[in-house]
Amino acid sequence: MSLDAEVLIDWFADHARDLPWRRPECTPWGVLVSEIMLQQTPVARVEPVWREWLARWPTPSAMAAATQGEVLRAWGKLGYPRRALRLHAAAQAIAEQHGDEVPHDVDALLALPGIGAYTARAVAAFAYGKRCPVVDTNVRRVVARAVHGAADAGPPSTTRDLADVEALLPDQRAAVYSAALMELGALVCTARTPRCADCPVLAACAWQRGGRPAYDGPVKVAQKFAGTDRQVRGLLLDVLRGTAEPVAKSRLDVVWADAGQRDRCLHSLLVDGLVEQTASGLFALPGEHR
DNA sequence: GATTCGTGGCC
DNA sequence: TGGCCAAGAAT
């Protein structure tokens, strides 16, 4: 197809960001941690936390030995803290069932908590050089434009998305090619205001050739945050992150006026295992108090 | 397939 | 100013 591998790989060699999880000395565990942290989270916010994590927990077994509370506190404000819990559980599974080595196989990776279609293939490709389609939001957008001539990708469909990228994947240097596709989407073929003048595959781009028509797919519902349970859960968890000792419910009640929503959120945090109640009825991050 | 799940920066 | 967006996964 049109997205010439050599052109893209050469562009990547010249323009790729120097990210720590791309360094040759980065371990597969480091790659895995980066991929989990980068889910729905910008690179700039991930990088400092990733450095702290790898220094503190350089292996899966090292993290497996930490408590859930320690892990949640170290996760800080990266967002979606269930990722931290799942990564901790994945570290335990890797330590106990895989000899402390991050699995090579996509299927074995998929079986780990918090690892889905994207992350499993990203680890297989970027940590082990395996040839497999790696499809994130950047790649979906690049393919939508360059191949299908659409301004943006429609709703995701794992089966179709994987097939699309599989068809593009070169036989050689497929992992670097995948990294290049992602980087192109992150730096040039961006969601808003793409830098088409800087694009290495402009001549091959179907969207460009078609006069860059506007997006005509189904309308995407904007995700709200203010006033949602997500915000309230975040506020509650932030209290517990900031204290070493369990706190009384009154300390949590002050973060949100609506008692019904507040209690519902606290309950859901308990169900999710992000918060624990002690025998004396106080609240804390999990795994640190009896 | 549609929803839910944090957080903060940017145009 | 505020909607949009950022390397998704689980249900």
Side-chain angles (χ1 to χ4, degrees), chain A residues 12 16-17 19-22 30-50 72 75-87 89-90 109-127 133-142 152-162 165 175 178-187 189-195 215 217-241 255-256 264-265 268-269 271-275:
Chain A
F12 184 69
R17 291 166 291 178
L19 302 172
W21 45 85
R22 286 178 176 164
V31 173
L32 172 54
V33 172
S34 79
E35 293 301 342
I36 300 288
M37 288 185 170
L38 287 164
Q39 292 168 3
Q40 299 286 284
T41 309
V43 166
R45 208 176 307 165
V46 165
E47 190 166 342
V49 181
W50 182 89
L72 284 170
W75 190 259
K77 307 197 78 169
L78 278 184
Y80 294 140
R82 291 186 295 186
R83 291 184 292 166
L85 246 35
R86 291 174 182 145
L87 179 52
L109 288 161
L110 282 171
L112 295 170
I115 297 189
Y118 162 75
T119 304
R121 290 171 180 79
V123 170
F126 303 147
V134 181
V135 188
D136 75 331
T137 185
N138 290 305
V139 172
R140 279 168 33 74
R141 187 174 52 250
V142 170
D152 215 334
S157 159
T158 300
T159 307
R160 179 166 42 77
D161 296 340
L162 287 176
V165 176
S178 291
L181 266 188
M182 287 178 62
E183 194 75 341
L184 186 68
L187 299 182
C189 195
T190 54
R192 302 175 286 205
T193 325
R195 301 167 174 81
Y215 176 75
V219 285
K220 305 166 184 175
V221 285
Q223 56 161 348
K224 291 184 189 291
F225 178 66
T228 63
D229 286 3
R230 289 225 295 295
Q231 181 183 19
V232 178
R233 285 165 55 105
L235 291 171
L236 292 170
L237 215 50
D238 200 37
V239 172
L240 300 182
R241 252 188 251 118
V255 306
W256 197 252
R264 178 175 74 239
C265 289
S268 74
L269 287 170
V271 169
D272 289 347
L274 287 163
V275 174

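The chains referred to below are lettered A, B, ... by the order of the sequence lines, with proteins before strands, and numbering in each begins at 1.
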>> Which nucleotide wins on minimum distance to the side chain of A/A191, given the candidates C/dA6, B/dT7, B/dG6?
In response: C/dA6

> Where each residue is assigned the nucleotide of DNA chain B containing its nearest heavy atom, which of A/G79 and A/P156 is assigned the position nearer the 5′ end?
Replying inline: A/P156

> Rounded to whole angstroms, how far apart are CD on A/Q40 and P on C/dA6?
Replying inline: 9 Å

> Just how far, in rounded Å, is P of B/dG6 from CZ of A/R233?
Replying inline: 4 Å

> A/W75 near the nucleic acid: base, sugar-phosphate alone, or nothing, with a heavy-atom cut-off under 4.0 Å?
Replying inline: nothing

> Nearest nucleotide by nearest heavy atom, which residue falls closer to the 5' end of DNA chain C, A/F126 or A/I115?
Replying inline: A/F126

> Using a distance-only test with no angle check, is there a side-chain donor-acceptor pair under 3.5 angstrom linking A/Y118 and A/E35?
Replying inline: yes

> Once you round it to whole Å, what is the distance between C1' of C/dA10 and CG of A/L112?
Replying inline: 15 Å

>> Nearest whole Å is fine: how far is B/dT7 P from A/R83 CZ?
In response: 10 Å

>> In this structure, how many angstroms lie between the C1' atom of C/dG8 and the CZ atom of A/R230, rounded?
In response: 13 Å

> For the pair made of OH in A/Y118 and P in C/dA7, what is the distance, rounded to whole Å?
Replying inline: 9 Å

>> Does A/A222 reach a base, just sugar-phosphate, or nothing at all? Heavy atoms under 4.0 Å.
In response: sugar-phosphate

> So what does A/L78 hit on the nucleic acid, given a heavy-atom distance under 4.0 Å: a base, only sugar-phosphate, or nothing?
Replying inline: base

> Rounded to whole angstrom units, what separation is found between the CG atom of A/D272 and the P atom of B/dC5?
Replying inline: 8 Å

> Do A/R83 and A/T41 have side-chain N/O donor and acceptor atoms under 3.5 Å apart?
Replying inline: yes

> Donor-acceptor pair, A/R241 side chain versus A/G76 backbone, under 3.5 Å?
Replying inline: yes

> What pairs with A/W21 under ring pair (Phe, Tyr, Trp, His ring centres under 6.0 Å), at least two apart in sequence or on another chain?
Replying inline: A/W50

>> So A/G116, base contact, sugar-phosphate only, or nothing? Heavy-atom distance under 4.0 Å.
In response: sugar-phosphate

> Hey, is the side chain of A/T228 pairing donor to acceptor with the base of B/dG6 inside 3.5 Å?
Replying inline: no

> Using a cut-off of 4.0 Å on non-hydrogen atoms, how would the nucleic acid contact of A/R141 be classed: base, sugar-phosphate, or nothing?
Replying inline: sugar-phosphate

Using a cutoff of under 3.5 Å, can you pull out all pairs of nitrogen or oxygen atoms linking the protein to nucleotides 8-11 of chain B, with atom names and distances?
{"from": "B/dG8", "atom 1": "O4'", "to": "A/R45", "atom 2": "NH2", "distance (Å)": "3.2"}

> So what does A/R264 hit on the nucleic acid, given a heavy-atom distance under 4.0 Å: a base, only sugar-phosphate, or nothing?
Replying inline: nothing

> Quantified in whole Å, what is the P atom distance between nucleotide C/dT11 and nucleotide B/dG6?
Replying inline: 14 Å

>> So A/I115 and A/L32, do their side chains get closer than 4.5 Å, heavy atoms only?
In response: yes

> Checking all strands, does A/P155 fall into the base, sugar-phosphate, or nothing category for heavy-atom contacts under 4.0 angstrom?
Replying inline: nothing

>> Work out how far the P atom of B/dC11 is from that of C/dA7, and round it to whole angstrom.
In response: 15 Å

> Which residues satisfy the side chain to side chain contact (heavy atoms under 4.5 Å, CB included) test with A/A124, sequence neighbours excluded?
Replying inline: A/V106, A/L109, A/K130, A/C132

>> Taking only side-chain N and O atoms of A/R241, does any of them lie within less than 4.0 angstrom of OP1 or OP2 on B/dT7?
In response: yes

>> Just the rounded figure in Å: distance from P of B/dC5 to CZ of A/R86.
In response: 12 Å

> With a non-hydrogen cut-off below 4.0 angstrom, is A/T137 in contact with a base, only sugar-phosphate, or nothing?
Replying inline: sugar-phosphate

>> I'd like to check the side chain to side chain contact (heavy atoms under 4.5 Å, CB included) partners of A/P218; sequence neighbours left out, ordered by chain and number.
In response: A/P155, A/Y215

> Just checking A/A117: base, sugar-phosphate only, or nothing, at a heavy-atom cut-off of under 4.0 Å?
Replying inline: sugar-phosphate

>> Which residues pass the side-chain hydrogen bond (donor to acceptor under 3.5 Å, both in side chains) test with A/R82, not counting sequence neighbours?
In response: none

> Base, sugar-phosphate, or nothing: which does A/R22 touch, judged by heavy atoms less than 4.0 Å apart?
Replying inline: base

> How is A/L274 classified with respect to the nucleic acid when contacts are heavy atoms under 4.0 Å: base, sugar-phosphate, or nothing?
Replying inline: nothing

> Who pairs with A/A175 by side chain to side chain contact (heavy atoms under 4.5 Å, CB included), at least two apart in sequence or on another chain?
Replying inline: A/A125

